[in-house]
Amino acid sequence: MIAKVIVDVPTNQTNRPFDYLVPEGFEKGIDIGMRVIVPFGPRKILGYVVGLQEATDVEKVKPLEEVLDVTPVLTEELLGLGKWLASRTLSFYISCLQVMLPQVLKAKYKKEIWRLEEHLPEELERLFEGKDMLTNEEWEVSSYGYYHLKKWVDDGYLDVRYEVKSKETKRKITVIEPSLDMQKLEEALVDISPQAKKQRALLDFFIEYPDPIPKKDLLKRLETTDASLKPLVNQGYLRSYTQEILRDPYEGHTFEETSPPPLTDYQQEAKNQIVASVHEEEPEVFLLHGVTGSGKTEVYMQSIQEVLDRGEEAIMLVPEISLTPQMVERFKGRFGSKVAVLHSALSAGEKFDEWRKIQRQDVKVVVGARSAIFAPFRNLGLIIIDEEHETSYKQEDRTRYHARDVAIKRAENHGCPVVLGSATPSLESFARAQKGNYHLLQLPERMNKQAMPSVELIDMREELHEGNRSMFSHALKEKLEERLRRGEQSVLFLNRRGYSTFVMCRDCGHVVECPHCDISMTYHRKQEQLKCHYCSYEQPMPSECPECESKTIRYFGTGTQKVEEHLQQLIPEARIIRMDVDTTRRKGAHEKLLTKFGNHEADILLGTQMIAKGLDFGNVTLVGVLAADSLLNLPDFRASEKTFQLLTQVSGRAGRHEKEGEVVVQTYTPEHYSIQLASTYDFEQFYVEEMKYRKMFHYPPFYYLTLLTISHPNTFYAQEVTRKISQYLSQNLSETSEVLGPTPSPLERINNRYRYQTMVKYKAEPHQHKYVQRIMNYYENEMKDQNGLQIIVDFQPYQLM
Ligand code: ADP
Ligand code: ZN
Ligand code: ZN
């Protein structure tokens, strides 16, 4: 017997199956989709069996070394999906198979054989001698081979597990915390010699962040070693102790059982259509458009119930950030132990366990982030993608897939519908719904019949003219103070990404844009130049506004910490919690701050993106957006769309319960349609406006995009290769396609590599993959070295940096 094996060597030459002889002992058990160890050159490496046949033309076939699995880890459907993914994203087949599996299955973990039954067949009992577990080594010296093992596993006597499990249950970590209060620590600081810089840094750290922190994280963060830490512990300033890490994040948690409420007419109509499609086994795609709180999740859950009743399975994708305990609670409450949850906060062992539940068909529903789309179900009846507009559904490294595309492909494989849900659908999806490619379902009302909170736009140019140079308008300040008086809470939102890149006139709000692309120019501080990263047009940084000649034109930038300081000066009595990457770096910090805010231990929550989603506090009656323009002016053609989505989402944080909410949006461009229309929650009008712009400038959904990013330590070389690639593409692609490049990437240099890009805009380009593949082949040798040339291809990019 011959096994066709895809080996774990991601290169062009090895991007095909290799033939191996299956030793007799494995013949009866080996199956497609199992992992094997094969000799490859001088090494022994991991591979996946993608085919089994009787003979081969290959002359000297080597026998495979070992079969790792007794049950396939990849179904035939997933093997096919991997192939499809590889051709679609121009990735190696092996990378596409790996992306579908939990980490544990890809790395080297020790194999163990576990007893599942109290009483085993006699020969097994002799082998186990009363023990619960045998190591793989112990098994191998026994007289039983792979075939027996597989049989006993199939009969339910044994289970093959990987070491992670037992190891992680007992995993302990060392935690450091201050043993004195802040004041004492500050006093201690005086006693430490100025030369002991690291010791001082450690104390400083705890003065600022007094919470316990894992020792490993602490040392890494302060770039120091045990040697600096020890004296502080010995002198009693800090305390060190060990802590056990628990495996199951939901262990000991009881979920209150819920029963499905009767649906509203709108919900019922949506559900009926979805369920009809489930029964007809049609791979139809629905777009469920409904504001937050309109009952989408309830529609998902009741549709899933129908799927389960048919004996089928369902996948529900949510963005990582929305995988909140509340969400998990809702699903566990409704479907109990039939649910597996997959998200990045789980340890490798936990993820593997959840995945195993799916593989063993112990669960019927998976709720998870992007990669849960590869859940190894065999009878999918429904796939749901909540918040479908979220860009986190696009994987941004290696295999650059979009979960939506994979969902639709899997739905075709299984003959089941896909539901895309959102309050602010992506333009691509809404356009498809308008054309009838997707089936549009709408939930126009909120469940509590409450209106969305009213939004007031504040023109920051006027504030400036009235002499207010602070980041806070008079109106916002007053409203914040009013909340303080009433004992209510406020949330302030500041977008930080892309700060200090665009240039704006503080007098008239004019933003310098590229004359060819209608995209804001990026400020490059070093050369004092403005650059368009789409077409490489350049101009010097202007000293006055080209619109109104004011001298107050400058690049834009403020960090959250600064804002916090200003705010504290402005309203000294306010208790403020700041949430950004700096204050939430530690595990659990995020939840802690939120709990604190939820307990009303603070009046104002000030934060970045991360507070935009999922927050649900009844006492929050004011939401302020400090600079709505900061997203709007990112060098990205989706900037308006993202602004609209974000403003809508942020506004939804106010007035969630009985108390009415209010939203204040500060902006220098209140006339911009995405800000205007977000303030009236008018998605459809926004869609109309934005589509005009997309059409005019040849962006999706009217055109498709391909982005090639070329990088090299030598800037001239990178540019030259990009130029050649651009030339090759424009010569070979069709006349109607546009090739834009070479252009420096917005992030021009990362890790001392210079980055250039070329972008293709096209309507139809059936042979594009072939040409890009040729480019990759041509440069293959240059790309072998880690420090050499790198070419990244992104079909349908979301990240343009
Ligand atoms: P969305 O997912 O659109 O934000 P949800 O499904 O979370 O909306 O619904 C909002 C709130 O209304 C939730 O608290 C939910 O439990 C409740 N709800 C949804 N549908 C119904 C219904 N048919 N009857 C009663 N309450 C409902
Ligand atoms: Zn341009
Ligand atoms: Zn101006």
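Just so you know, these numbers use all the heavy atoms, side chains as well, and skip hydrogens, waters and symmetry mates. We count ligands from 1, going down the list as the structure has it; atoms in each ligand are counted the same way.
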Distance-only N or O hit between ligand 1 and Thr292, under 3.5 Å: no
N/O separation below 3.5 Å, Gly293 to ligand 1: yes
Closest non-hydrogen protein atom to [atom], residue and atom name please, with distance?
{"atom": "atom 24 (N) of ligand 1", "answer": "Pro261 CB, 3.6 Å"}
{"atom": "atom 20 (N) of ligand 1", "answer": "Gln267 NE2, 3.0 Å"}
{"atom": "atom 26 (N) of ligand 1", "answer": "Met447 CE, 4.0 Å"}

Would you give the length of the straight line joining atom [atom1] of [X] to atom [atom2] of [Y], rounded to the nearest 0.5 angstrom?
{"X": "Asn379", "Y": "Glu313", "atom1": "CG", "atom2": "CD", "result": "5.0 Å"}
{"X": "Leu646", "Y": "Thr424", "atom1": "CG", "atom2": "OG1", "result": "9.5 Å"}
{"X": "Ile383", "Y": "Ile304", "atom1": "CD1", "atom2": "CD1", "result": "11.0 Å"}

Option passing side-chain hydrogen bond (donor to acceptor under 3.5 Å, both in side chains) with Arg483 (candidates Gln489, Glu662, Glu478): Glu662
Under-4.0 Å heavy-atom contact between protein and atom 3 (O) of ligand 1: yes
Proximity to ligand 1 by part of Arg330, non-hydrogen separation under 4.0 Å: side chain
For [X], take its heavy atoms, then give the atoms of ligand 1 lying under 4.0 Å from any of them.
{"X": "Val291", "value": "3 (O)"}
{"X": "Pro262", "value": "22 (C), 23 (N), 24 (N)"}
{"X": "Leu263", "value": "23 (N)"}
{"X": "Gly295", "value": "1 (P), 3 (O), 5 (P), 6 (O), 8 (O), 9 (O)"}

Main-chain N/O of Gln796 paired to Lys394 side chain as donor or acceptor, under 3.5 Å: yes
Backbone N/O of Ser426 and side chain of Ser429: donor-acceptor pair under 3.5 Å: no
Pairing of Arg694 and Glu641 as salt bridge, 4.0 angstrom limit: yes
Under 3.5 Å side-chain donor-acceptor pair for His414 and Glu77: yes
Sub-4.0 Å heavy-atom contact, Gly290 with ligand 1: no
Close approach, Leu443 and ligand 1, non-hydrogen under 4.0 angstrom: no
Met471: which of Leu476, Leu494, Leu567 passes side chain to side chain contact (heavy atoms under 4.5 Å, CB included): Leu494
